[in-house]
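Both counts, for ligands and for their atoms, begin at 1 and track the order of listing.
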Amino acid sequence: MKIGIGNDHAAVEMKFEIVKYLEEAGHEVINYGTDTPESCDYPEYGAKVARAVVSGEVEKGILICGTGVGISLAANKIRGIRAVVCSEASTARLSRQHNDTNILAFGARIIGTETAKDIVKAWLEAEFEGGRHQKRVDMLMKLEEE
Ligand code: RB5
């Protein structure tokens with residue numbers, strides 16, 4: 001799968017660990033930065049990856065900041081994005097099965113790299129179940145029209 005990844009200065013090291021993990025698992029990864037520890041603004045990177053997902057440049061996105069909160073909030077401002085911030089694998093899996101999330105976020109200051117890998121694996125392996133969940137996702141996306 002083609003996956004976009006982005007992060008702020010709080011998550012550079014973890015980002016590269018996750019890129020390595022994804023590539024070893026056979027995914028193609030597009031890195032939208034940042035790649036340096038200099039202070040930067042998470043909305044920029046959240047929006048970059050979100051726009052890449054919406055345009056179809058990548059199929060799914062992964063975002064990392066200190067908590068995962070700011071960067072996921074930024075992504076969710078872009079029409080068509082359903083970003084979830086997770087600290088454990090069950091929420092990540094269910095967010096795919098029930099909410100058809102297209103961006104996964106987590107916090108480099110909240111969880112360790114091994115937990116992050118477990119979350120990524122669970123999220124990528126899970127499929128949207130459709131059915132009764134489709135109607136709710138449709139309702140969710142209609143809220144963007146307000
Ligand atoms: C940066 O210091 C920090 O605020 C950011 O990484 C993130 O945690 C925001 O939600």
Side-chain angles (χ1 to χ4, degrees), residues 1-128 133 136-146:
M1 188 187 298
K2 200 166 174 182
I3 299 168
I5 195 163
N7 58 284
D8 73 359
H9 54 279
V12 176
E13 206 176 306
M14 181 180 275
K15 187 266 296 290
F16 285 119
E17 292 284 339
I18 298 298
V19 168
K20 185 166 170 267
Y21 173 75
L22 289 168
E23 286 176 344
E24 281 174 3
H27 298 287
E28 184 184 348
V29 184
I30 301 196
N31 174 18
Y32 292 88
T34 186
D35 293 340
T36 71
E38 279 146 54
S39 184
C40 66
D41 302 314
Y42 57 78
E44 186 182 333
Y45 298 94
K48 268 187 193 173
V49 172
R51 289 184 183 121
V53 170
V54 168
S55 72
E57 195 172 301
V58 296
E59 200 175 317
K60 288 197 175 77
I62 295 178
L63 293 171
I64 325 171
C65 66
T67 58
V69 174
I71 206 158
S72 61
L73 286 174
N76 275 317
K77 296 289 180 193
I78 305 296
R79 277 175 192 266
I81 291 301
R82 292 174 301 282
V84 62
V85 55
C86 293
S87 296
E88 38 70 41
S90 295
T91 303
R93 177 174 44 79
L94 284 163
S95 81
R96 283 289 307 129
Q97 292 172 338
H98 291 191
N99 315 111
D100 199 16
T101 49
N102 47 16
I103 288 191
L104 170 69
F106 43 86
R109 293 174 178 161
I110 304 295
I111 59 171
T113 302
E114 292 310 308
T115 300
K117 289 178 191 171
D118 288 346
I119 290 170
V120 167
K121 185 173 191 293
W123 188 71
L124 289 174
E125 283 178 358
E127 295 286 343
F128 180 49
H133 302 297
R136 294 163 188 164
V137 170
D138 290 345
M139 288 170 73
L140 200 55
M141 300 326 282
K142 211 160 181 335
L143 294 174
E144 288 184 340
E145 290 165 22
E146 288 180 15

Shortest heavy-atom approach to atom 6 (O) of ligand 1 - which of N7, L73, V69, D8: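 Ranked by closest heavy atom to atom 6 (O) of ligand 1, first place is D8.
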Numbering as shown, the atoms of ligand 1 that approach G66 to under 4.0 Å (heavy-atom distance):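 So the answer, numbered in order with elements, is 5 (C), 6 (O), 7 (C), 8 (O).
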Nearest protein heavy atom with distance in Å, relative to atom 3 (C) of ligand 1: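 Looking at atom 3 (C) of ligand 1, the protein heavy atom closest to it is R109 NH1, 3.8 Å.
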Element-labelled atoms of ligand 1 that are located less than 4.0 Å from some non-hydrogen atom of G70: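 So the atoms of ligand 1 that pass are 9 (C), 10 (O).
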Residue part near ligand 1, for T67, under 4.0 Å between non-hydrogen atoms: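 Both the backbone and the side chain of T67 come within reach of ligand 1.
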Which residue and heavy atom of the protein sit nearest atom 7 (C) of ligand 1, plus the separation: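 Result: C65 SG, 3.4 Å.
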Pair E44-Y32, side-chain donor/acceptor within less than 3.5 Å: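 E44 vs Y32: no donor-acceptor pair found between side chains.
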Spatial distance of atom NE2 (H27) from atom CD1 (I5) [nearest 0.5 Å]: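 Separation between the atoms: 11.5 Å.
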Proximal ligand 1 atoms for H9, defined as those under 4.0 Å from one of its heavy atoms: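 Once the distances to H9 are compared, the set is 1 (C), 2 (O).
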Spacing of CD belonging to E57 relative to NZ belonging to K2, to within rounding of 0.5 Å: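 Output value for this atom pair is 6.5 Å.
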Heavy-atom donor-acceptor pair, R96 side chain to E125 backbone, under 3.5 Å: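 No; judged by distance alone, with no hydrogens or angles, the pair does not exist.
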Side chain to side chain contact (heavy atoms under 4.5 Å, CB included) partners for V85, two or more places apart: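 Once residues adjacent in sequence are excluded, the partners of V85 under the side chain to side chain contact (heavy atoms under 4.5 Å, CB included) criterion are S72, A105.
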Distance, nearest 0.5 Å, that separates OH of Y42 from CG of D8: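 Nearest 0.5 Å value for the OH-CG distance: 8.5 Å.
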Per-residue contact class, A10 against ligand 1 - non-hydrogen pairs under 4.0 Å: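 It is the side chain that gets close, since no backbone atom is under 4.0 Å.
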E145/K142 ion pair, N-O < 4.0 Å: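 So E145 pairs with K142 through a salt bridge.
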Closest approach of any protein heavy atom to atom 4 (O) of ligand 1, naming residue and atom: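 Result for atom 4 (O) of ligand 1: Y42 CE2, 4.4 Å.
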